[in-house]
Structures are given as C-alpha cells and as structure tokens.
J.: 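What follows is a single structure, and I will ask about it in a moment.
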Amino acid sequence: KQEVTQIPAALSVPEGENLVLNCSFTDSAIYNLQWFRQDPGKGLTSLLLIQSSQREQTSGRLNASLDKSSGRSTLYIAASQPGDSATYLCAIGSWGKLQFGAGTQVVVTP
Amino acid sequence: GAVVSQHPSRVICKSGTSVKIECRSLDFQATTMFWYRQFPKQSLMLMATSNEGSKATYEQGVEKDKFLINHASLTLSTLTVTSAHPEDSSFYICSARPPGTGLEKLFFGSGTQLSVL
C-alpha cells in the first residue's frame, strides 16, 4: 500500500528565504505526483503536476522535482513571501484518485 | 477557470442527526466527483467516487450506509452523513474534473467542516 509522508509538518521562515518542502512515497510505481496549496476555509489549489516520466516542473517561483527511484519529491519556493503562508500537500494518484500526505504548514514572517 | 462550489462551509449538529453536503460544478459537467475526508493533522483520505447516474464506489473501510452519496445530475453530487456521531466530525471536501482536460486536472470545493456535538 502506498504511503505518502511529508516532512517537516510545520515550517516558519522569514520573508525572502527559499522554502524547501519534502515529500516521500513508498511505492515507486506512480502515475504522477501533484503539489497543492490549502488555505484555511478554502479549497485546494493545484500548484504543479509531475508526470511519472518527468523529472521536474516549474511555474514562476515554484519548482518541483521527482525522483521515483528514491521515492522523493521536493517543492522549492524561491524568495518566499507572506502570501506563501499556507499548508502544502503532495499527492500521488491516477484517474482522479489521489493519495495525500499530511501536509507541511508554512508560515512566512514579514 | 473551472469552479466547484461546496455548501455548507461549516455545520454544527447534534449527535444522531443527518447532514447533507452539496458539491456543484458551476461551469462544467462532471460525470465523476470525488469525496475526501480529513481529520485534524492527518492526510486527506478518499472516501468514495461519485458517478453520475450510478452507484458510488466506496473506499475500503468507508460505510456506504452511513455516508450516502447521490450524483443525480452532471453538476451536483451530495454526501449525506446519516445519524452523525462525534467521531464523524471532520473536514469533508469534494473534487471534480472537467471533461476534456487532463486526467489529473482536478478542481476542489472549499470544503465543509462538520462538528457533531
């Protein structure tokens, strides 16, 4: 059974510092991996999706890497801003079914 | 972009009552919707897959008689928590995928925080 783990559970950084969020999974036979952002009282927002054949995806200040052999993905957020404060979730799945990690709660202080 | 609306956002009820949560795709038709549940400090867990015009598919360990799912139209799926108990208190969230988009392009509702007293 696939298990998805996110470390750390919480992270606080000063504005401007780069963020590094980790996600590990136990079964390397994945279809894809996604990173989401979850804000309190709001739904999930998809940030990046990496297909199993890809190594990384980039969007603006966000970069996500995928290493299936080691069962790891890393989300980098460059030059963090207070607006980046949220919970970040990684999820593995296919055909719409997603298996989520517990998330990393990020606080960026001004 | 595609919008998924979920209501109510928060509900408090007494033990033994039933609670209905609605999930609507506002600008697209969704033949399939997904219901997730999240307990505090835990992962979002898939509960069931809701299929328009047919029975929902429940994940292992989810009581189908307790969590009733109805997907009567292409834009609406409902989750009814029957005879709710305090252990059902959780964050429930739905998702849907617009047709013609990538298989993994899911849009999520804003979630419902259920508190059972």
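Throughout, protein chains are lettered first and strands after them, A, B, ... in sequence-line order, and every chain is numbered starting at 1. Because the structure is a prediction, the values reported are computed rather than measured.
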J.: Report yes if some heavy atom in the side chain of B:L44 is under 4.5 Å from a heavy atom in the side chain of A:L44; otherwise report no.
T.: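 Yes, close enough: below the 4.5 Å cut-off.
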
J.: Flag yes if B:L46 and B:V81 sit in one hydrophobic cluster, no otherwise; membership is Ile, Leu, Val, Met, Phe, Trp, Tyr, and two members link when side-chain heavy atoms are under 4.5 Å apart.
T.: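 In one cluster: no.
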
J.: Going from OG1 on A:T45 to CZ on B:F107, what distance comes out if it is rounded to the nearest 0.5 angstrom?
T.: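 The CZ atom of B:F107 is 10.0 Å from OG1 of A:T45, to the nearest 0.5 Å.
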
J.: Please classify the contact of B:T49 with chain A as side chain, backbone, both or neither, using a heavy-atom distance under 4.5 Å.
T.: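 Side chain only.
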
J.: Counting a contact as any heavy-atom pair under 4.5 Å apart, which residues of residues 51-76 of chain B contact chain A?
T.: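 Result: B:E59.
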
J.: Looking only at heavy atoms, which two atoms of A:A102 and B:S43 are closest? And how far apart?
T.: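 Taking every non-hydrogen atom into account, N-OG, 3.2 Å.
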
J.: If hydrophobic clusters are built from ILVMFWY residues whose side chains come within less than 4.5 Å, do A:Y76 and A:L21 share one?
T.: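 In one cluster with A:Y76: A:L21, no.
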
J.: With only heavy atoms counted, which part of B:Q38 is less than 4.5 Å from chain A, the side chain, the backbone, both or neither?
T.: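 It is the side chain, since no backbone atom gets that close.
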
J.: Taking atom CZ as the centre, does B:R10 end up with more than 12 heavy-atom neighbours from other residues, nucleotides or ligands that are less than 6.0 angstrom away?
T.: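 Atom CZ in B:R10 is not crowded, with 12 or fewer foreign heavy atoms closer than 6.0 Å.
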
J.: If hydrophobic clusters are built by linking Ile, Leu, Val, Met, Phe, Trp and Tyr wherever their side-chain heavy atoms come under 4.5 Å apart, do B:L79 and B:M33 end up in the same one?
T.: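 No, because B:L79 and B:M33 fall into different hydrophobic clusters, even though each may have its own neighbours under 4.5 Å.
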
J.: In terms of hydrophobic clustering (I, L, V, M, F, W, Y; side-chain heavy atoms under 4.5 Å; direct or indirect links), are A:L66 and A:L62 co-clustered?
T.: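 Both belong to a single hydrophobic cluster.
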
J.: What part of A:Q38 gets within 4.5 angstrom of chain B, counting heavy atoms only: side chain, backbone, both, or neither?
T.: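 Only the side chain of A:Q38 comes within 4.5 Å of chain B.
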
J.: Taking atom CD as the centre, does B:Q113 end up with more than 12 heavy-atom neighbours from other residues, nucleotides or ligands that are less than 6.0 angstrom away?
T.: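 Enclosed: over 12 neighbouring heavy atoms sit under 6.0 Å from CD of B:Q113.
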
J.: Could you please state which residues from residues 84-94 of chain B sit under 4.5 angstrom from chain A, measuring non-hydrogen atom to non-hydrogen atom, sorted by number, or 'none'?
T.: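 Under the 4.5 Å heavy-atom cut-off, B:F91, B:I93 qualify.
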
J.: B:L114 and B:F108: same hydrophobic cluster, using ILVMFWY side-chain contacts below 4.5 Å?
T.: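 The answer is no; the residues belong to distinct hydrophobic clusters.
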
J.: Between CZ of A:F100 and OH of B:Y36, what distance do you get to the nearest 0.5 Å?
T.: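 These two atoms lie 5.0 Å from each other.
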
